[in-house]
A.B. asks: 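Below is a structure I'd like to ask you about.
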Amino acid sequence: MESPVGEKGVPACGICGEPAVIFQPADRRYLCGTHLVREVEDLVRATVQENALIRPGDRIAVGLSGGKDSTALLVILSRILPAWPGANLVAITVDEGIAGYRADTIRAAQSLTGRLGVEHRMVSFADIIGQDLDHLLIGREKEACTVCGILRKKALADAARTAGATVVATGHNLDDEAQSVLMNAFRGDLPRLLRTTDARTAADFLPRIKPLAAVPEKEIAAYLFVQGFFTELPECPYTKYALRAEVRTFLSDYESAHPGTMQNLVASKKTIERCCAGAPVMEPLRRCRECGDPCSGDLCQVCRLRHSL
Amino acid sequence: MDPGPATVGELLGGLGLHPQEVIVARNGTLVPEQAAIGGDDEIRIIRIAHGG
Ligand SMILES: [Zn+2]
Ligand SMILES: [Zn+2]
């Protein structure tokens, strides 16, 4: 690399000259720990401000799995929130009921909220559908991520409403967003691509925001590590069934060869959104005939799932 | 004798790991993949688990 190798064989931070902790390939730049932390927090603040994701007085329900993304989200929001008078946080941990995985992450979530002094609530799949994920998935393990995703969204929304939240924040990062764009494009599913937008529009249900959507996954991990927040946790045992895992590897390869690819994918999505503003791409919102939740068809996904059991 | 990898990036490449999917600490401190490594260095490679 072109950067002068500084002290002890480590390249120097492009801002202050201290030993770098990370290289940003898209910007061809090195950053030390202090400047990485500052840049990540500035980027999140800018994302929130430019898209008006938070309003004064908001009660923000943060989906806190205890993994790296949601941990970083809670840490960063707790630091930048004073800019929005009256806004406050409640962390919500969804216990899917995954043996050998969830216990550690729940402990991590509890210790983090204690450390930050943030209110913490728990909700389980058993509360929502009467069974834990491991039991729901017997004989249909390949559907793990779909089933889990539907129920997690429902559990988080219900718990957020109960907690009196005005908005739900999740820890989706740049890599997640780029993967979603690609997956939706592969499926030819443009409406879904536009439904995943983080705009605060529909008055009907709690808006969902993604404050970390511009931050690369690796920077999130490094952000936590340099501040002593990083905990090595087990990976979800169902990950091997995820289509996303395939797309993730493919996109990592491509990003390595062509830095900036993920940012370009997300920028493409935003361009499409702008071009489609006002166009009838979104399906009209309807109500589930069984539970009354807003949905796009006759039955919501949770009720459809319940029928399939 | 094989001199071994000279940088973190070479080490990762030899192990078939993507720089994007790991963070690496050299003697307890996080370093970029361009950092030099020597025989006495303690290297910790942390896989970035998806999700969370
Ligand atoms: Zn610096
Ligand atoms: Zn329903």
Side-chain angles (χ1 to χ4, degrees), chain A residues 1-3 5-6 8-11 19-25 30-33 36 63-73 105 108-109 145 171 173 175-176 179 216-222 224-226 230 232-236 239 242 244-245 248-249 251-253 255-256 259 262, chain B:
Chain A
M1 285 298 135
E2 71 282 54
S3 170
V5 170
K8 298 176 194 159
V10 182
V21 298
I22 198 164
F23 175 64
Q24 299 176 304
Y30 292 94
L31 289 177
C32 69
L36 170 71
L64 178 66
S65 71
K68 67 177 193 317
D69 301 313
S70 60
T71 296
L73 176 63
T105 50
C145 296
N173 57 48
D175 298 50
D176 295 324
Q179 288 157 17
E217 185 165 53
K218 179 167 173 151
E219 289 183 27
I220 291 173
L224 293 176
F225 189 93
V226 299
F230 191 90
E232 254 184 296
L233 292 167
E235 190 150 56
C236 175
T239 300
R244 188 175 280 273
R248 185 189 189 212
T249 307
L251 200 50
S252 286
D253 282 333
E255 175 75 33
S256 295
M262 292 197 289
Chain B
M1 226 186 82
D2 182 354
T7 65
V8 168
E10 284 179 31
L11 174 68
L12 296 180
L15 296 168
L17 293 170
H18 260 294
Q20 260 166 270
E21 292 178 354
V22 297
I23 52 175
V24 178
R26 193 190 71 178
N27 305 321
T29 305
L30 203 63
V31 290
E33 51 272 23
Q34 294 79 4
I37 50 174
D40 297 339
D41 287 328
E42 186 200 293
I43 306 294
R44 185 173 160 216
I45 301 174
I46 303 154
R47 263 200 70 207
I48 304 170
H50 176 69

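Within every chain, numbering begins at 1; the chains are lettered A, B, ... in the order of the sequence lines, protein sequences first and strands thereafter. What you see below is based on every heavy atom in this structure, not just the backbone, and it leaves out hydrogens, waters and symmetry mates.
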A.B. asks: Of the backbone (N, CA, C, O) and the side chain (C-beta and beyond), which part of B:V22 lies under 4.5 Å from a heavy atom of chain A, both, or neither?
C.D. replies: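 For B:V22, the backbone is the part near chain A, not the side chain.
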
A.B. asks: Please classify the contact between A:Q179 and chain B as side chain, backbone, both or neither, with a heavy-atom cut-off of under 4.5 Å.
C.D. replies: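 When you check distances to chain B, only side chain atoms of A:Q179 fall under 4.5 Å.
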
A.B. asks: Output the distance between atom CD1 (B:I23) and atom CD1 (A:I220), rounded to the nearest 0.5 Å.
C.D. replies: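 That separation rounds to 11.5 Å.
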
A.B. asks: Counting heavy-atom pairs under 4.5 Å with chain A, which one of B:A25, B:G9, B:A35 comes out on top?
C.D. replies: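 Answer, by heavy-atom pair count under 4.5 Å with chain A: B:A35.
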
A.B. asks: Just how far is it from atom CG of B:N27 to atom NZ of A:K8, taken to the nearest 0.5 Å?
C.D. replies: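 Rounded to the nearest 0.5 Å, the CG-NZ separation comes out at 9.0 Å.
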
A.B. asks: So, taking the atom named CD in B:E33 and the one named CD1 in A:I22, what distance separates them when rounded to the nearest 0.5 Å?
C.D. replies: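 So the CD of B:E33 and the CD1 of A:I22 are separated by 8.0 Å.
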
A.B. asks: Which residues in residues 11-20 of chain B have any heavy atom closer than 4.5 Å to a heavy atom of chain A?
C.D. replies: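 Result: B:H18, B:P19, B:Q20.
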
A.B. asks: For A:E232, give me all partners under salt bridge (charged side-chain N to carboxylate O under 4.0 Å, His left out), at least two apart in sequence or on another chain.
C.D. replies: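 Result, salt bridge (charged side-chain N to carboxylate O under 4.0 Å, His left out) vs A:E232: B:R44.
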
A.B. asks: Can you tell me which portion of A:N173 sits under 4.5 Å from chain B's heavy atoms? Options are side chain, backbone, both or neither.
C.D. replies: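 For A:N173, there is no contact with chain B at all, as no heavy atom is under 4.5 Å.
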
A.B. asks: Taking all non-hydrogen atoms of both residues, which atom of B:P32 and which atom of A:F23 are closest, and how far apart?
C.D. replies: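 Closest pair (atom of B:P32, atom of A:F23, distance): CB-N, 3.8 Å.
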
